[in-house]
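Comments concern the structure below.
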Number of protein chains: 2
Amino acid sequence: MARRTKAEAEATREALLDAAEEVFFDNGVARTSLEQIARHAGLTRGAVYWHFKNKADLFRAMLDRVRMPFEELVAETGASHDSPLETVRLGFQQSLLRLEQPRHRRVLAILIHRCEFFGDIDPCAIQTEMAGECLDALGGYFADAHRLGLLKQGLAPEVATRLLQAILSGLFHDWLRDPDAYSIYERGMALVDAQLALMRRDEAEAA
Amino acid sequence: MARRTKAEAEATREALLDAAEEVFFDNGVARTSLEQIARHAGLTRGAVYWHFKNKADLFRAMLDRVRMPFEELVAETGASHDSPLETVRLGFQQSLLRLEQPRHRRVLAILIHRCEFFGDIDPCAIQTEMAGECLDALGGYFADAHRLGLLKQGLAPEVATRLLQAILSGLFHDWLRDPDAYSIYERGMALVDAQLALMRRDEAEAA
DNA sequence: ATATCCATACAGACATGAATGTAAAAAACG
DNA sequence: CGTTTTTTACATTCATGTCTGTATGGATAT
């Protein structure tokens, strides 16, 4: 085979990324060679080296297909600003929905549980970046909630933020270790709802 | 060099494990060769292959030096059985104290953030095993707490268990990504205390 | 006590295989 | 025909496992 049309070249690029996802997920990043990825896509290493500089570059491209900042997720839901706790809930829900898509699930699982640093890639740094992004957003919402008197008395907004962020993070990690064990959407929403209920100022207090 | 005494042989074994910890932590497991480990310990690969079957065996031995089931931690604290929530707190505290020791910190960080499967080692499975162990223990305590009427009304013990486990897990993961950023003991205890306060039935309800 | 002998605890060299990156050839498009 | 896409072939590097060599420790016999 050789050159088809421009669109078909793009298709092989995508095919390579798809293959990378699958093989990385099955074998881990370090244990998979570019040869394996190419073969899995029905191509050869030559194609890989044409489209990507090297393994790290391929990896980055794979990640770029699923990036989604928390704020964007929230924006998608069209949540209003007057109820920060509900906004958090919606953002959370949106995240979980995304995670149920195979592509997002696979790539996140790879990033978190199936790779260590290589080349100029540091998965920990990427995770930290994503976590920090999420933490900042959550922090803002809880600060608002606190100002509006929506939080339980004695619960500092920073603590509430870290609690929820830890729950989110822990949930992700645990679920990604074995995504078929349960539905993250159902369990996740149950946990957020329970936690938000715990953190919300109750009517008796508010009166 | 050649054969020293039996005690000295044991010392080199430990030295190799120490070296493995450090190099694994710095470079990741996949990227470090047995040669690097041996050199870092001032020895050669011959020593490594004498004491260990291969890389996976060495890795397992490294893990074995820090294993500690949650129940054992709780036992160490000598907590009484009449206050399950306090028992959970103490177990948590004990875990965090352990984590502040460099050895535990390093090994856990390696297991969680610096290795993917290789040989017959599946770090995810090991994590799942540890998490499950912890989950079972927590589940028992919260079931007791529920029976004793210590939990907030409407809070199912299973949900409480999963919440706390997620918090623990999330906290570990986040901190291990950058252990020098903050004290896990301080922040961790603040979070558990806050969470336990939220989950405890308040006096008004109890009356 | 000391000489002998074997198992132990390493070091060093070697063979193998696998993955990488690159360069050159080949095939198909325009 | 020239350019773009892909294959094939090749050179290099590197980790692994194994094998051999060797000096010592310790047990046993004398």
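Hydrogens, waters and symmetry mates are skipped; everything else that's a heavy atom, side chains included, is used. A note on names: the letters A, B, ... follow the listed sequences, proteins ahead of strands, and every chain is numbered from 1.
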From the list D/dT6, D/dT16, C/dG21, which nucleotide is the closest neighbour of the side chain of B/Leu34?
D/dT16
B/Tyr49 OH to C/dA9 P, in whole Å, measures 19 Å
Whole-Å distance between C/dC10 C1' and B/Phe52 CZ?
14 Å
Please confirm whether the shortest side-chain N or O distance from B/Trp50 to OP1 or OP2 of C/dC10 is below 4.0 Å.
no
Nearest-angstrom distance from the residue atom CG of B/Leu43 to P of C/dA9:
13 Å
Spacing between B/Arg13 atom CZ and C/dT8 atom C1', to the nearest angstrom
16 Å
Rounded to whole Å, please give me the gap between CG in A/Asp57 and P in C/dT20.
14 Å
For B/Arg39 and D/dC14, give me the distance from atom CZ to atom P, rounded to whole Å.
14 Å
Would you say D/dT6 has OP1 or OP2 under 4.0 Å from some side-chain N or O of A/His51?
yes
Exactly one candidate in A/Lys53, A/Arg60, A/Lys55 meets salt bridge (charged side-chain N to carboxylate O under 4.0 Å, His left out) with A/Asp120; the answer is A/Arg60
C/dC10 phosphate, OP1 or OP2: any side-chain N/O from B/Thr12 under 4.0 angstrom?
yes
Could you state the CZ-P distance from B/Phe118 to D/dT16, rounded to the nearest angstrom?
10 Å
Can you find an N or O donor on one side and an acceptor on the other, under 3.5 Å apart, linking the side chain of B/Arg45 with the base of C/dG12?
no
A/His146 (side chain) donor-acceptor with A/Leu151 (main chain) under 3.5 angstrom:
no
In a check of salt bridge (charged side-chain N to carboxylate O under 4.0 Å, His left out) between A/Glu21 and each of A/Arg114, A/Arg105, A/Arg65, which one passes?
A/Arg65
Once you round it to whole Å, what is the distance between P of C/dA9 and CD of B/Glu10?
10 Å
Step by step, work out the side-chain contact (heavy atoms from CB on, under 4.5 Å) result for B/Val74 and B/Leu90.
CA-CA 7 Å; B/Val74 171; B/Leu90 287 175; over 6 Å; no
Answer with base, sugar-phosphate or nothing: what part of the nucleic acid does B/Thr44 contact at a heavy-atom distance below 4.0 Å?
base
Tell me if the aromatic rings of B/Phe59 and B/Phe118 count as close, with their centers under 6.0 Å from one another.
yes
Heavy atoms under 4.0 Å, any strand shown: does A/Ala47 hit a base, just sugar-phosphate, or nothing?
base
